[in-house]
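In what follows, a single structure is set out as structure tokens and then discussed.
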Amino acid sequence: MGSAAPEIDVMVGGQSRRLRRGATAREALDGQAGPDVVAVRVNGRLCDLGRPLEEDCRVEPVSASSPEGLAIIRHSTAHLMAQAVQSLFPGTQVTIGPTIEDGFYYDFAPARPFTPEDLPRIEARMEELARANLAVERIEEPRAAAIERFRRMGEAYKVEILAGIPEDQVSLYRQGEWIDLCRGPHVPSTGYLKAFKLTGTAGAYWRGDERNPMLSRIYGTAFAGREALKEHLELLELARQRDHRRLGRELNLFLFDPIAPGSPFFLPRGTVVYNELVAYMRRLYKRYGYQEVITPQLFRNEIWRTSGHWEMFRDNMYATSDAEAHGPEPEYGFKPMNCPGHTYIYGAEKRSYRDLPLRVADFGRLHRAERSGTLHGLTRVRAMSQDDAHIFCAPEQVAGEIDANLKMMRDVYQAFGFEHIESKVGTMPEKHLGGEQTWRETEAMLEQALLRNGLSCEINPGEGAFYGPKIEIYVPDALKRRWQLATIQLDYNMPERFNLTYTTSAGAEARPVMIHRAILGSLERFIGVLIEHTGGVLPFWLAPEQVRVLSLSEKVEQYASEVARLARQAGFRAAADLRNEKLGFKVREAELSKVPYMAVVGEREMAARSVSLRVLRGAKSQNLALENLLELLKNEALPS
RNA sequence: GCCCAUGUAGCUCAGUCGGUAGAGCACUUCCUUGGUAAGGAAGAGGUCACGGGUUCGAUUCCCGUCGUGGGCUCCA
């Protein structure tokens, strides 16, 4: 093009303006940039407010409360934190500091790791720097110059990052004396950062690789205003109160003891929930044509060698020997999955196409040697059961089976009130069996299945199982945290390794396909998620105690016992609280134990053979004749 | 497994600048027989996670082990 014209056309808010070339985005907005505008989009690309405009373009303001604006605020707050850290702890190197879902972090290589006590100091320095309202200035310079600059500053990690950047020109951001390599954009000055909070410290490997040095990470969050920050912190507090580990103890559902790390003890109440979930799945299995089996816990290692677990999954397995063992090598492995065992059931008979699809379900107990640092309540355990099943089918039946599974999954999640599920396809991991060709084909089949069923389909690279790609279903709980529960995995390897065959209608020998699937996932994790989703207020059909009869005085003890007995005889889990306590006390305890129905009986009720029924979290009570009470309970729906 | 923090009664937590510990709730007994979220009193309950070290003396300081919590990594 020829020599640049001195003026350019800039579209702002639907109006075109002539501006001199090199005018800043802020000038283009001309007063439309209120105090909550933190950046702009120039032809759709996010830029600093101070960005000079070099050609005809469209400029739109980005407000602090928009998702992009919020991300910019958080990113700038990460910089502010790094500046504070380096001024308080000279010699600390910076590495990276991205924004994350509800905040940001910055990883440092400090002289000593940070502790929680350091956070208030850092926060105070951040406040100072924000009050100083330092201008945030973008600098562009050649990559070589930047490398030299950071080398002189002693920032080895930044030099390493720069070495991996392909562009010749890089951007830096300066606020006060402090400077950092960054793509931007950022807020115009530190005074824009008004609402932030440092939330924790953690160790984190450089570039997420455990072979690299451990860095020291500080997490924080930031919002456009103090009000939004406060709301966020309140949500965190709410999440803390709903923590399933806390509720599990308070509601007497389960306990953990150091005697068996990562392995829950389900107490009588928790066991009711557990068993009701299994009963529910069994009803679905009947409808969807599954057969349940019980298989061994401990297998000779031969099975794990054949399945590939010995090669791919050994780190996660417990092994043992029996009394006759001679060498030091363990001869048996506890099953971490049910699939290899199920291949023996398949292979125990000569199979024909008429047997397929063969759907084999198993609630068997699994053990996995999870690393100690990963254990977390019920959501990450070493001993668990899954609503596991393996479908052996002909290749042409795969699509139909996956569809049926996705349908069953929807039934289940609807029953628990989980909405807005998210689905992904986990693709070939580094450690895998089989050829890449098959992997790519089966990955495509799963993607198509999701799309066909109107589900979203993100790719989760390298997250498949070692024997095949998988559909992962994530469910958000009431506090918008996402958990992976269901999975559908497509496997062409296991049938091959165990040499499974069937006779086709044409009389030929063919190889079946194996589909591994679970809907609740592990019962342990599901119960944990369900507790957090419901805050411990489980649906009636899962409630460990469905009705509690509260006696008002000794005079009605017998009648109270009778009411509870009648409810039990009608098939409900009911108990009578006959203790020598006031009614208010008993009501409080029943409320805290989340019992769905409280039947209060005093002398009036005894005389009328009725109860005064109080519903959990309902202040009002209602007088009901005994028959009507039982009728009401019977109408409490089971999930379809 | 790695980094940081942490471990005191069943639970939630005080406390001991080194001289072997305390509250509330829960539990037991007694009094109270009470109408919809805590009636009163008394009692019992702890090798201060475990193992070493320093010290006249360690629950307290140091080291290690185990557990737990927040992350990293891994995964249902």
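Chain letters run A, B, ... following the sequence lines, proteins first, then strands; residues in each count from 1.
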With a 4.0 Å cut-off on heavy atoms, is [X] in touch with a base, just the backbone sugar-phosphate, or nothing at all?
X: A:Glu603; result: base
X: A:Gln386; result: sugar-phosphate
X: A:Leu523; result: nothing
X: A:Gln484; result: sugar-phosphate
X: A:Arg217; result: sugar-phosphate
X: A:Arg245; result: sugar-phosphate
X: A:Glu463; result: sugar-phosphate
X: A:Lys555; result: sugar-phosphate
X: A:Gly200; result: nothing
X: A:Gln622; result: nothing
X: A:Phe585; result: sugar-phosphate

For atom [atom1] of [X] and atom [atom2] of [N], their distance in whole Å:
X: A:Trp483; N: B:C74; atom1: CH2; atom2: C1'; value: 15 Å
X: A:Arg371; N: B:G70; atom1: CZ; atom2: P; value: 17 Å
X: A:Leu215; N: B:C4; atom1: CG; atom2: P; value: 13 Å
X: A:Met606; N: B:G35; atom1: CE; atom2: C1'; value: 14 Å

field: Donor-acceptor contact below 3.5 Å, side chain A:Asn493 vs main chain A:Leu433
entry: yes
field: Pairing partner of B:U16 (Watson-Crick or G-U wobble, both distances under 3.5 Å)
entry: none
message: Counting only Watson-Crick pairs (N1-N3 plus N6-O4 or O6-N4) and G-U wobbles (N1-O2, O6-N3), all under 3.5 Å, who is the partner of B:A42?
response: B:U28
task: Compare every heavy atom of A:Glu155 with every heavy atom of A:Thr92, then report the nearest pair and how far apart it is.
output: O-OE2, 4.1 Å
Spell out yes or no: do the side chain of [X] and the base of [N] have one donor N/O and one acceptor N/O closer than 3.5 Å?
X: A:Tyr205; N: B:G1; value: yes
X: A:Arg380; N: B:C75; value: yes
X: A:Glu554; N: B:G34; value: no

message: Taking the P atom in each of B:U54 and B:A14, what is the distance between them to the nearest angstrom?
response: 32 Å
field: Whole-Å P distance, B:A44 and B:G57
entry: 33 Å
- prompt: Under a 4.5 Å cut-off applied to non-hydrogen side-chain atoms, are A:Ile459 and A:Thr427 in contact?
  reply: yes
Between [X] and [N], is there a side-chain N or O to OP1/OP2 distance below 4.0 Å?
X: A:Arg246; N: B:C11; result: no
X: A:His376; N: B:G70; result: yes
X: A:Lys470; N: B:A76; result: yes
X: A:Arg249; N: B:U12; result: yes
X: A:Ser216; N: B:C3; result: no
X: A:Tyr105; N: B:G70; result: no

task: Would you kindly compare A:Gly521 and A:Thr201 by the position of their nearest RNA chain B nucleotide and give the one closer to the 5′ end?
output: A:Thr201
Of A:Leu485 and A:Gly584, the one whose closest RNA chain B nucleotide lies more 5': A:Gly584
- prompt: What class does the angle between the rings of A:Trp439 and A:His432 fall in, given that below 30° is parallel, 30 to 60° is tilted and above 60° is perpendicular?
  reply: perpendicular
task: Could you go through the salt bridge (Lys or Arg N to Asp or Glu O under 4.0 Å) check for A:Glu591 and A:Arg614 one step at a time?
output: CA-CA 10 Å; A:Glu591 284 280 342; A:Arg614 178 184 166 115; 3.0 Å; yes
message: I'd like to know whether A:Glu532 forms a salt bridge (Lys or Arg N to Asp or Glu O under 4.0 Å) with A:Arg246, so could you lay out the CA-CA distance, the side-chain angles of the two residues, the decisive distance to 0.1 Å, and finally the verdict.
response: CA-CA 10 Å; A:Glu532 304 204 351; A:Arg246 177 197 183 100; over 6 Å; no
field: A:Arg482 to A:Tyr474, cation-pi by 6.0 Å centre distance and 45° axis angle
entry: no
